[in-house]
Amino acid sequence: MAKLYFRYGAMGSSKTANALMVHYNYLERGSNAVLLKPKLENRDGEKIIKSRIGLESECDYVEDFIADIGTDWVAAKKYDAVIVDECQFLSSEQVDWLSDLVDYAEIPVICYGLRTDFQSKFFPGSMRLMEIANKIEEIKTVCWCERKAEINARIHDGKIVRDGEQVMMGGNESYIAICRKHFKLGMLSVEDTDKV
Ligand SMILES: [Zn+2]
C-alpha cells in the first residue's frame with residue numbers, strides 16, 4: 001500500500017539533498033518519479049530545486065501538477081512516486097490532494113519540509129502533514145551546543161527576530177537552526193555564553 005511520508009527537519013538538516021537523492025534513486029531504477037515544489041518558494045529561481053551542498057535538479061510546481069491531474073487518478077498512475085520539497089509552504093488543501101493521490105492512484109508521496117517557523121509555530125502544510133501522513137520521520141541536525149536543533153531562528157543583524165510575518169521573501173533575514181534552550185536565551189553561538 002502506498003504511503004504519504006513527511007520527512008521534516010530544521011534548516012540545514014539536508015532535507016533538500018535527501019529529496020534530490022531519493023528522486024535520483026527512482027530515476028536510476030528506471031522509475032517515473034516526479035520532483036515538485038510549491039510556486040511560492042522561489043528563492044532558487046524557476047523550476048529548480050537546489051541543495052546547500054550543490055546538488056540540484058529541475059522540478060515542476062505542485063500547483064501545475066495538481067491542475068494537470070485534477071482527479072484523473074487513472075492517468076496519475078503513470079507516476080511511480082511523487083517527491084515534494086519545501087512542503088511547509090503547501091496549503092492544507094494541497095496536502096489533502098496529495099493524500100488523495102496516495103489513496104486513489106496508489107502512488108507514494110514523499111514530502112520534505114520544515115516543521116515550524118521562526119516563532120516555533122506550525123506552517124500550514126507541515127501541520128496538515130503531521131495530522132494525516134502515514135509515516136513521519138525526523139531528519140536531525142545539531143545546534144552549536146551539539147544538542148538537537150529544533151528551532152529555525154530568524155536572524156537580523158546578529159540577533160534573533162521574534163516578531164514578523166511567517167514567510168518573508170527577499171528580506172535581509174537569514175535563518176539558523178538551534179536548540180530550544182538557546183532559542184529562548186537568544187544565544188546563537190558559543191561566544192554568546194559570555195553574555196549570560
Ligand atoms: Zn543549543
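Each ligand, and each atom within it, is numbered from 1 in the order the structure gives. Just so it is clear, the values below take in all heavy atoms, side chains as well, and ignore hydrogens, waters and symmetry mates.
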Practice item. Decide, yes or no, whether a salt bridge links Glu137 with Arg7 under the criterion of side-chain N to carboxylate O below 4.0 Å. Key: yes

Study note, to complete from the structure: Given the options Leu36, Val84, Thr16, Ile49 meets side chain to side chain contact (heavy atoms under 4.5 Å, CB included) only with Thr16

Practice item. Report the protein N/O/S neighbours of the Zn ion (ligand 1) that fall below 2.8 Å; do not count waters. Key: Cys143 SG, Cys145 SG, Cys179 SG, His182 ND1

Point to revise | Check: Tyr79 ring centre within less than 6.0 Å of Phe65 ring centre | key: yes

Exercise for review: Using a strict cut-off of less than 4.0 Å between a Lys/Arg side-chain nitrogen and an Asp/Glu carboxylate oxygen, indicate whether Glu93 and Arg128 qualify as a salt bridge.
Suggested key: no

Side-chain donor-acceptor distances from residues 154-165 under 3.5 Å, at least two apart:
unit_1, atom_1, unit_2, atom_2, d
Arg154, NE, Tyr175, OH, 2.9
Arg154, NH1, Glu165, O, 3.0
Arg154, NH2, Glu165, O, 2.8
Arg154, NH2, Gln166, O, 3.1
Arg154, NH2, Tyr175, OH, 3.0
Arg162, NH1, Phe183, O, 3.2
Arg162, NH2, Phe183, O, 2.7

Review point. Which residue, Val34, Asn32, Ile107, forms the side chain to side chain contact (heavy atoms under 4.5 Å, CB included) with Asp80?
Key: Asn32

